[in-house]
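Reminder, nothing fancy here: chain letters follow the sequence lines and each chain counts from 1.
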There are 2 protein chains.
Amino acid sequence: MVMSAQSDALRVLADPLRRQIVELLSREQLCNCHLVEETGARQTNVSNHLRALREAGLVETEPQGRYTYYRLRPDALERLAAELSDLARAARTRELPKRACE
Amino acid sequence: MVMSAQSDALRVLADPLRRQIVELLSREQLCNCHLVEETGARQTNVSNHLRALREAGLVETEPQGRYTYYRLRPDALERLAAELSDLARAARTRELPKRACE
DNA sequence: CGCTGACATCACCATAGTCTGATACTTTAC
DNA sequence: GTAAAGTATCAGACTATGGTGATGTCAGCG
């Protein structure tokens, strides 16, 4: 399907902890250890969520020695925002017709 | 929390069937029976998802005789889109600083 | 009235997804 | 070399949630 990427991004962003990680990364590039510290979650847990975010194309990694820095990929967020905005606009521009029943 | 509403909207939109319902409603005002027909899901299932969408403020209802018409509330979608767009912009406007490890 | 159809609600089940502990891998410090 | 720290991966337990059938409510129609 065409929108599978955006749907995936939506699904991934729906988790509260991932959502928090994304917000933290929108201000700074951080490595796993910082995220563990900020969120209070276990390292394993953070790492799992980072993988989900990575596979959805929402973040990218930059290994640096034994640390791994994570940063947001704005494009994915931007595409998602645009799609939602389109839906909102479609629903607002006109008085939508009601389909008749039966 | 301040953003609970948006988080809720995200979570609710993450489900594929709800997502499909939202897209259908962006083109027409439909009642439950149309949505059942269009999605192929059971009436109970559609009704449950419509409740989730309603509680998240994404749709509103207009009872009309024994039918209930549903329509999108563009504002909720717009707010969500704006928030995601803000995150994307924050991540893109500058080369984000890396917090030091140790 | 009772009957039918549209929709909502409830309780239950099955599944997906999250969290966790154990463990492996890699890099740096000693 | 060994030890320690940061990160990734894996299997299992637990939880949340979507799907379902049974049932209830309400409006229109005979």
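- Across all strands shown, B:Asn32 has heavy atoms under 4.0 Å from sugar-phosphate atoms exclusively, and none from any base.
- For the pair B:Gln64 CD and C:dG5 C1', the computed distance is 16 Å after rounding to whole Å.
- Following rounding to the nearest Å, B:Ile21 (CD1) and D:dG19 (C1') show an atom-to-atom distance of 13 Å.
- Both A:Val12 and A:Gly65 lie close to DNA chain C; mapped to their nearest nucleotides by heavy-atom distance, the more 5′-ward contact belongs to A:Val12.
- If you check the side chains of B:His34 and A:Arg99, you find no donor sitting under 3.5 Å from an acceptor.
- When the side-chain nitrogen and oxygen atoms of A:Arg42 are compared with OP1 and OP2 of C:dG21, one or more of them lie within a distance under 4.0 Å.
- Computed from coordinates, the A:Leu50 CG to C:dC19 P distance equals 12 Å when rounded to whole Å.
- Remark: of the listed residues A:Leu87, A:Leu80, A:Leu84, A:Leu84 is the sole one forming a side chain to side chain contact (heavy atoms under 4.5 Å, CB included) with B:Leu80.
- A:Ser47 comes within 4.0 angstrom of a base, heavy atoms only.
- Going from atom CG of A:Asn45 over to atom P of D:dA8 covers 13 Å, rounded to whole Å.
- Remark: side-chain polar atoms of B:Arg18 are not paired, donor with acceptor, to backbone N or O of B:His49 under 3.5 angstrom.
- With D:dG19, C:dC7, D:dG6 as the choices, the nucleotide that has an atom nearest any side-chain atom of B:Leu17 turns out to be D:dG19.
- The distance from atom CG of A:Leu58 to atom CG of A:Leu13, rounded to the nearest 0.5 Å, is 5.0 Å.
- Between A:Arg11 and A:Ala41, the residue anchored closer to the 5' end of DNA chain C is A:Arg11, taking for each the nucleotide with the nearest heavy atom.
- Here B:Arg18 reaches the OP1 or OP2 of D:dG18: one of its side-chain N or O atoms lies under 4.0 Å away.
- Distances were taken from every side-chain heavy atom of B:Arg66 (C-beta onward) to each of D:dA27, C:dC19, C:dC7; the shortest belongs to D:dA27.
- Rounded to an integer number of Å, the gap from CG of B:Asp15 to P of D:dT17 is 11 Å.
- Per the geometry, CD belonging to A:Glu55 stands 15 Å off C1' belonging to C:dT18, to the nearest Å.
- At whole-Å resolution of the value, CG in B:Asn48 and C1' in D:dG24 are 14 Å apart.
- One side chain, A:Tyr70 or A:Arg54, offers a donor N or O that lies under 3.5 Å from an acceptor on the other.
- The main-chain N or O of A:Pro63 is never found under 3.5 Å from a side-chain atom of A:Thr61 such that the two would form a donor-acceptor pair.
- In the set C:dT9, D:dT7, D:dG19, D:dT7 carries the atom at the smallest distance from any side-chain atom of A:Tyr67.
- The B:Thr44 side chain lies nearest to D:dG21 when the options are C:dT18, D:dA8, D:dG21.
- For B:His34, no side-chain nitrogen or oxygen approaches OP1 or OP2 of C:dA6 to under 4.0 Å.
- With hydrogens and angles ignored, a donor-acceptor pair under 3.5 angstrom links the side chain of A:Gln43 to the base of D:dA8.
- Across the protein-nucleic acid pair, A:Tyr69 atom OH and C:dT26 atom C1' stand 17 Å apart, rounded to whole Å.
- Close to C:dA8, at under 4.0 Å from its OP1 or OP2, lies a side-chain N or O of B:Tyr70.
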